[in-house]
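This one's a predicted model, so the numbers in the text were calculated from it and none came from an experiment. When a ligand or atom number is given, it counts from 1 through the structure's own listing order.
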Amino acid sequence: MFFQAVTLFPEMFAALTEHGVSGRALRQGLWRFDTVNPRQFADNRLGYIDDRPFGGGPGMIMMAAPLQAAIGFARSRCQGDSRVVYLSPQGAPLTHRRVAALAQQPNLILLCGRYEGVDERVLQTHVDEEISIGDFVVSGGELPAMMLMDAVLRLLPDVLGDSRSAEQDSFADGLLDCPHYTRPAEFDGMPVPEVLMSGNHAKIAEWRLEQSLRRTLSRRPELLDGRMFSPQEARLLERIRKEQAN
Ligand SMILES: NC(=O)c1ccc(NCc2ccccc2)nc1
């Protein structure tokens, strides 16, 4: 996976490239990263890359020409297909399913907007898809881009190592994650659920699945809409619903 970020703040990406699982995977060569700064493509000495919006209104808009040139340069560095993703509050909500699809791509170019956004003509001609990480606005597309990158990298083979497989992640099975405990066995007078100390792996797996179903049903019931259930899940759901009905 070759990630490129078109960004005015390349240093921000050190958060991923120099730390944690993503940083180690980069050093191991499991993925590649580079940035392109639109300012180097500004066609004037002063490096203007933004201008006032036609029609008036607050703030500035990123100009089309420097972004078009930066995206073109990024594409020129890709072997094979490349997809340009624009992070914006107007994009399609990012889900685990979309992350898994993006993880199949060899090259992703992430366009990080600043100010009030970018000239629409860049989106129409050079952006393959627009993605939102949530219904809120932050100062730039860089943090949303890093969240997308981290979610994708976790799904790449060998990035998480065998200590943690991504399919145990929340959402990987379409459910919220179950509660987790570690030592001490009693903390502040609170014990760990007995079943987790039993060593009975079938019972532990069933308890964890039941907890995930309970949490999903109570916190995010909409995630269950349209989801197929295994016989075991259906049985557990039945038991939970009966319990809640009483
Ligand atoms: N919810 C998101 O994914 C997101 C993406 C970017 C962003 N800020 C940069 C920006 C602001 C306005 C227009 C286009 C980009 N804020 C939130």
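Only the backbone of E116 comes within 4.0 Å of ligand 1, counting heavy atoms alone; no side-chain atom from C-beta on gets that close. The parts of S132 lying near ligand 1 are both backbone and side chain, judged by heavy-atom distances below 4.0 Å.
For the pair E233 and R235, the salt-bridge criterion is not met [side-chain N within less than 4.0 Å of a carboxylate O].
In this structure a side-chain-to-backbone donor-acceptor pair under 3.5 Å is missing from D43 to P66. One N or O on the side chain of H180 and one on the backbone of C178 form a donor-acceptor pair closer than 3.5 Å.
Set against the non-hydrogen atoms of V137, the atoms of ligand 1 under 4.0 Å away are 16 (N), 17 (C). Short contacts between ligand 1 and G117, defined as distances under 4.0 Å to a heavy atom of the residue, involve ligand atoms 13 (C), 14 (C). Atoms of ligand 1 lying under 4.0 Å from any heavy atom of G113, numbered from 1 in the order shown and given with element: 9 (C).
The shortest N or O to N or O distance between F136 and ligand 1 is under 3.5 Å. The shortest N/O to N/O separation between G134 and ligand 1 falls below 3.5 Å.
P179 is not listed as a side-chain neighbour of R208, based on a closest heavy-atom distance of 4.5 Å or more.
The protein heavy-atom contact nearest to atom 3 (O) of ligand 1 is I133 N, 2.8 Å. The protein atom (non-hydrogen) at minimum distance from atom 7 (C) of ligand 1 is V138 O, 3.6 Å.
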